[in-house]
Amino acid sequence: MKNVYVVIPSYNEGETLRRTVESLLPCGYEIVVVDDGSREDPHGMLADLPIHYLRHPINLGQGAALQTGMDYAKAQGAEAVIHFDADGQHDKNDIPQFLAALEAGADVVIGSRFLRESDLAQVPKGKRLVLRCARIVNGVFTGMWLTDAHNGFRALGRKALEAIDLTENRMAHATEIMSQIRAAKLTVKEVPVTIRYTDYSQAKGQKWTNSLNILIDLILNKIM
Amino acid sequence: MSWIQVILIVGLVLMGFLAWLVLRNKLFGRLFFILQFVLGVVFVIWPDLSTRCANLIGIGRGTDFLLYLLILFVYFSGMCILAKFRQIERRQTLLIRQLALRGAVKFGGPKNVSL
């Protein structure tokens with residue numbers, strides 16, 4: 001597959017962002033870093049790497065950064081966009097199976113930690129419980145019952161790029177994207193992914209209380 | 001559940017719906033706020049009126065009647081402000097996105113790949 005754009009939203013990631021980008025470079029994809037208004041502009045830190053660089057002047061949230069990256073990739077003629085975390089949680093070796101699934105006809109491919117026992121074992125216990133609840137909330141709000149509710153590792157084909165337009169700036173975008181996939185009748189495939197939970201990603205990651213915020217965001221988005 | 005509770009809950013739901021309407025139909029929102037003002041003035045001029053209204057719908061005291069109305073109005077106003085905030089946030093997002101897209105740079109290639 002040609003014209004594959006890997007979109008990496010980043011907020012105050014610093015050195016970790018650079019390591020993530022460096023690890024992706026040998027794969028030969030176009031890399032789009034969207035800095036979401038970090039305190040220190042990572043521009044200089046990345047300027048020697050062959051990447052596309054965009055920056056929100058102020059912080060909006062991960063959903064907004066992803067959409068900016070997707071708009072950019074779309075304008076550049078991307079055939080596929082991969083959502084990839086800056087914090088090193090995602091494994092670049094999983095990307096080919098996402099692309100293979102797109103080539104096999106899926107419009108959207110979503111990573112899942114719940115398809116293989118070995119991946120599930122990596123997920124901290126508390127997080128598993130939150131994810132199982134989130135799966136139910138997602139199912140109720142979107143009518144799509146995936147095995148993994150909030151997996152940020154995704155691939156979108158051209159048709160999906162045209163159809164998806166995230167308006168949830170913060171984390172509720174993960175559920176919003178499901179609603180839009182369903183509304184546009186896109187075909188979805190799940191592929192197993194391994195998520196590396198490092199101390200860093202754990203500290204940067206979401207607290208379980210934030211899932212309540214996501215729920216409220218979703219309800220608000222439904223009514224206004 | 002007494003019927004006044006039913007009325008208040010139905011009212012709250014209606015208020016939420018109204019807040020949503022106001023965004024689409026400005027005139028409606030304006031009329032609502034004018035009504036709020038007029039009612040305030042009326043109840044101040046004729047203090048007994050609130051008690052009579054209260055008795056009409058089975059509430060003992062006029063102050064309680066006004067309190068219930070107040071809850072509805074405060075809730076409504078809050079919803080309006082929230083809706084407005086979300087609308088502004090959405091616009092702000094589009095603005096910031098345009099700025100980011102225009103300032104997009106491709107490192108190690110032609111500078112400023114603008115769209």
Side-chain angles (χ1 to χ4, degrees), chain A residues 5 7 9-10 18 21 25 30-38 41-77 165-170 172-173 176 216-217 219-224, chain B residues 8-30 32-33 71-115:
Chain A
Y5 280 69
V7 172
S10 166
R18 189 180 166 93
V21 171
L25 281 174
E30 298 285 334
I31 296 171
V32 181
V33 170
V34 184
D35 177 58
D36 192 18
S38 297
D41 188 349
H43 184 289
M45 203 190 285
L46 300 169
D48 58 322
L49 303 173
I51 59 163
H52 305 260
Y53 176 81
L54 292 86
R55 176 170 160 91
H56 288 166
I58 56 170
N59 178 250
L60 293 175
Q62 199 193 33
L66 281 172
Q67 188 57 49
T68 300
M70 287 194 289
D71 280 357
Y72 178 78
K74 208 159 53 176
Q76 299 283 309
D165 184 21
L166 300 174
T167 61
E168 285 292 352
N169 283 357
R170 290 167 293 274
H173 74 267
E176 188 190 21
I216 293 167
D217 272 343
I219 295 169
L220 285 178
N221 204 35
K222 285 265 165 190
I223 60 172
M224 42 176 85
Chain B
L8 282 169
I9 287 161
V10 169
L12 283 169
V13 173
L14 266 180
M15 288 299 126
F17 178 66
L18 287 177
W20 173 73
L21 262 185
V22 163
L23 262 190
R24 277 137 223 268
N25 188 345
K26 256 190 173 167
L27 179 68
F28 190 89
R30 286 174 181 168
F32 196 85
F33 283 112
I71 291 170
L72 296 185
F73 277 116
V74 167
Y75 183 75
F76 175 69
S77 308
M79 293 291 277
C80 286
I81 291 166
L82 195 60
K84 194 70 196 170
F85 269 147
R86 285 180 67 83
Q87 189 195 49
I88 291 170
E89 194 182 277
R90 264 197 284 266
R91 287 183 186 175
Q92 174 193 267
T93 300
L94 295 179
L95 187 67
I96 299 287
R97 182 161 297 137
Q98 282 309 313
L99 280 174
L101 288 171
R102 279 190 198 167
V105 183
K106 186 165 185 199
F107 295 150
K111 288 267 182 285
N112 283 317
V113 184
S114 50
L115 299 170

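Chain letters run A, B, ... following the sequence lines, proteins first, then strands; residues in each count from 1. Values below: all heavy atoms of this structure, side chains included; hydrogens, waters and symmetry mates excluded.
- To the nearest 0.5 angstrom, Gln67(A) atom CD is 9.5 Å from Leu94(B) atom CG.
- Heavy atoms closer than 4.5 Å to chain A are found in the side chain of Gln92(B), but not in its backbone.
- In this structure, the portion of Leu49(A) lying under 4.5 Å from any heavy atom of chain B is its backbone and not its side chain.
- Phe73(B) pairs by the ring-ring contact (aromatic ring centres under 6.0 Å, His included) definition with Phe32(B), not counting sequence neighbours.
- To the nearest 0.5 angstrom, Ile58(A) atom CD1 is 4.0 Å from Ile96(B) atom CD1.
- In this structure, Thr93(B) OG1 and Leu166(A) CG are separated by 11.0 Å, a value rounded to the nearest 0.5 Å.
- Atoms CZ and CG, from Arg97(B) and Leu54(A) in turn, are 11.0 Å apart once rounded to the nearest 0.5 Å.
- Taking the six-membered ring for Trp, Phe107(B) and His52(A) have ring centres at least 6.0 Å apart.
- Using modelled atom types, no side-chain atom of Arg90(B) and backbone atom of Thr167(A) make a donor-acceptor pair closer than 3.5 Å.
- At least one side-chain heavy atom of Lys106(B) sits less than 4.5 Å from a side-chain heavy atom of Glu30(A).
- Legend: residues meeting side chain to side chain contact (heavy atoms under 4.5 Å, CB included) with Pro50(A), ordered by chain and number and at least two apart, are Leu25(A).
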